[in-house]
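Please read the structure below before turning to the comments.
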Number of protein chains: 2
Amino acid sequence: MRSKMTAQHIYQSLRSMILDLELAPGSRFTETQVADYFQVSRTPVREALQRLEVEKQITIRPKQGCFVRVVDIARIRDYYDVRVAIETLAVRLACVHMPDAALRELATQWDPANLFFGAESSDRIKLAEEAFHIALAQGSGNEALVRYLTDINDHIRVVRRLGWPDYSSIEDTYAEHHDICRLMLNRDAEAAEACMLQHIRKSQTRADQLTLAQLSEPARNPFAGTALQ
Amino acid sequence: MRSKMTAQHIYQSLRSMILDLELAPGSRFTETQVADYFQVSRTPVREALQRLEVEKQITIRPKQGCFVRVVDIARIRDYYDVRVAIETLAVRLACVHMPDAALRELATQWDPANLFFGAESSDRIKLAEEAFHIALAQGSGNEALVRYLTDINDHIRVVRRLGWPDYSSIEDTYAEHHDICRLMLNRDAEAAEACMLQHIRKSQTRADQLTLAQLSEPARNPFAGTALQ
DNA sequence: CGATGCAACGTTGTATACAACAGGTGAAAA
DNA sequence: TTTTCACCTGTTGTATACAACGTTGCATCG
């Protein structure tokens with residue numbers, strides 16, 4: 001099925017650019033620029049942009065252009081508050097519905113003993129960290145929960161991107177993920193919830209330490225010079 | 001600013017039709033049908049439909065058509081579980097951030113003493129009920145929370161629509177809303193949270209009593225005969 | 001020198017034409 | 001009778017042309 005692949009591709013590409021800060025927050029671009037960049041017409045570009053606007057990743061100002069969402073630290077706090085509520089619910093539900101096999105697999109993946117084998121790249125860890133939380137949400141069997149958590153992740157990814165200072169926090173992450181899995185295998189929902197809460201709050205302190213300078217540091221607009229090619 | 005009014009209007013109209021069950025769940029329609037119905041081209045229609053698809057109100061099957069989402073009772077339970085988590089958080093936050101004036105206004109509106117004055121219509125009550133919960137979410141000062149709760153409401157509205165059996169439940173609603181406001185005015189977050197939890201769970205029992213027969217009863221496709229006009 | 005109006009430009013909103021593909025229908029062959 | 005296959009129709013995906021509107025810059029007037 002090749003239908004709608006163009007719009008989908010553009011959507012995912014733009015989304016990655018925004019989440020990875022390749023497009024500077026607050027910067028402006030136009031539909032035509034993106035269309036020229038991807039060598040397509042404006043139609044599939046518009047579809048991608050409209051979806052990104054619904055997700056509040058960009059703002060489309062009529063007759064003016066598209067603007068990448070600005071990172072507001074206060075808003076990130078908001079997302080973290082919701083995330084705590086969402087993920088503690090996810091753990092509680094997954095404690096009931098997630099099969100042992102899936103939990104054991106996660107526990108193995110995040111066993112601190114396996115930490116030194118791979119010498120994993122930092123980027124890979126960040127992706128895996130996000131995948132871990134999504135996996136638990138999926139284990140809850142609640143699709144809406146997965147959808148909201150995905151949206152939250154899209155808005156706080158900048159914290160995972162920039163705010164992972166030292167190696168010890170990676171060690172901590174392994175230990176905490178492992179603990180959560182163990183508690184869930186014991187079907188101890190309360191303890192697992194508490195552990196998840198601490199885990200997220202610790203991440204939130206990293207978010208709080210992000211400065212505005214860090215957030216507004218990269219720049220450059222990939223679409224700037226497309227007309228010349 | 002008249003820009004984008006067409007697409008916006010079509011989006012809101014379609015959304016209302018779906019939420020009010022004027023479009024039968026599972027029924028099929030095409031972009032052209034909607035375009036003819038509203039006397040516009042397919043372009044703004046597509047924008048509205050794509051947004052509805054993101055919100056999971058419809059499914060667009062390439063080269064086949066658009067299908068109104070089917071109401072799945074299990075999924076409604078899912079949304080209720082998330083709603084409890086979201087709204088208890090909203091109450092907790094609003095207890096801190098919401099000014100007394102706003103809370104007093106809500107308390108007055110839902111004072112059981114005022115119940116008999118208006119002889120309110122059933123539809124009006126249902127709208128007000130939803131507005132009450134949104135108001136508390138807005139009082140939390142957390143925009144993401146408002147966004148998610150709005151999405152949840154869009155998916156469980158069928159319960160408010162069909163599952164409001166008797167007059168006593170309206171009385172109960174007034175009393176519970178009033179209690180929540182009073183507790184929040186006392187800044188007693190724990191009690192207010194507990195009250196909200198009970199309030200939502202009671203609504204959930206109404207949802208559980210909905211039968212598949214009730215959900216699949218209305219039919220008719222408003223777009224069926226548009227070509228003749 | 002400042003304010004105001006106007007015109008040209010850039011950008012998105014909408015309409016329309018065409019392309020690509022899924023599904024059904026019918027006839028023909030086994 | 002059953003199966004297969006080609007064709008036709010309907011529907012969405014994409015490209016492009018045009019319209020409406022906001023912005024900006026400059027010239028003109030006070």
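Here is how names work: the chains are called A, B, and so on, in the same order as the sequence lines, proteins then strands, and each is numbered from 1.
A donor-acceptor contact under 3.5 Å is not formed by the side chain of B:Lys63 with the base of D:dT11.
Nearest nucleotide to the side chain of A:Arg46, out of D:dA15, D:dG10, C:dG13: C:dG13. Distance from the side chain of B:Pro44 is smallest for C:dA15 among the nucleotides D:dG13, C:dA15, D:dC21. Relative to the side chain of A:Thr43, the nucleotides D:dT14, C:dT11, C:dA22 differ in distance, and D:dT14 lies closest. The side chain of B:Ser41 lies closest to C:dA15 when the candidates are C:dG13, C:dA15, D:dG10. When the nucleotides C:dC18, D:dG22, D:dA17 are ranked by their closest atom to the side chain of B:Arg42, C:dC18 comes out on top.
One can place CZ of B:Phe223 at 14 Å from P of D:dT11, the figure rounded to the nearest angstrom. Counting to the nearest Å, the P atom of C:dA15 and the CD1 atom of B:Ile10 are 8 Å from each other. At whole-Å resolution of the value, CD in B:Gln64 and C1' in D:dG13 are 14 Å apart. Going from atom CZ of B:Arg28 over to atom P of C:dG24 covers 11 Å, rounded to whole Å. Atom CD of A:Glu31 and atom C1' of D:dG22 are 15 Å apart (whole Å). Remark: P of C:dT12 and CG of A:Asp36 are 12 Å apart, rounded to the nearest angstrom. Atom CZ of A:Arg61 is separated from atom P of D:dC21 by 18 Å (rounded to the nearest Å). The NZ atom of A:Lys4 sits 13 Å away from the C1' atom of D:dT11 (whole-angstrom rounding).
For the pair A:Leu106/A:Met98, a side-chain contact is recorded, criterion being any heavy-atom separation below 4.5 Å from C-beta on.
Rounded to the nearest 0.5 Å, atoms CG (A:Leu145) and OH (B:Tyr148) are 11.0 Å apart. Rounded to the nearest 0.5 Å, atoms CG (A:Asn153) and CD1 (A:Ile134) are 5.0 Å apart.
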Problem set entry | Worked verdict on B:Met184 versus B:Leu136 for side-chain contact (heavy atoms from CB on, under 4.5 Å) | CA-CA 10 Å; B:Met184 290 179 68; B:Leu136 289 189; 4.0 Å; yes

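Sparse packing is recorded around NZ of A:Lys56, with 12 or fewer heavy atoms of other residues, nucleotides or ligands lying under 6.0 Å away.
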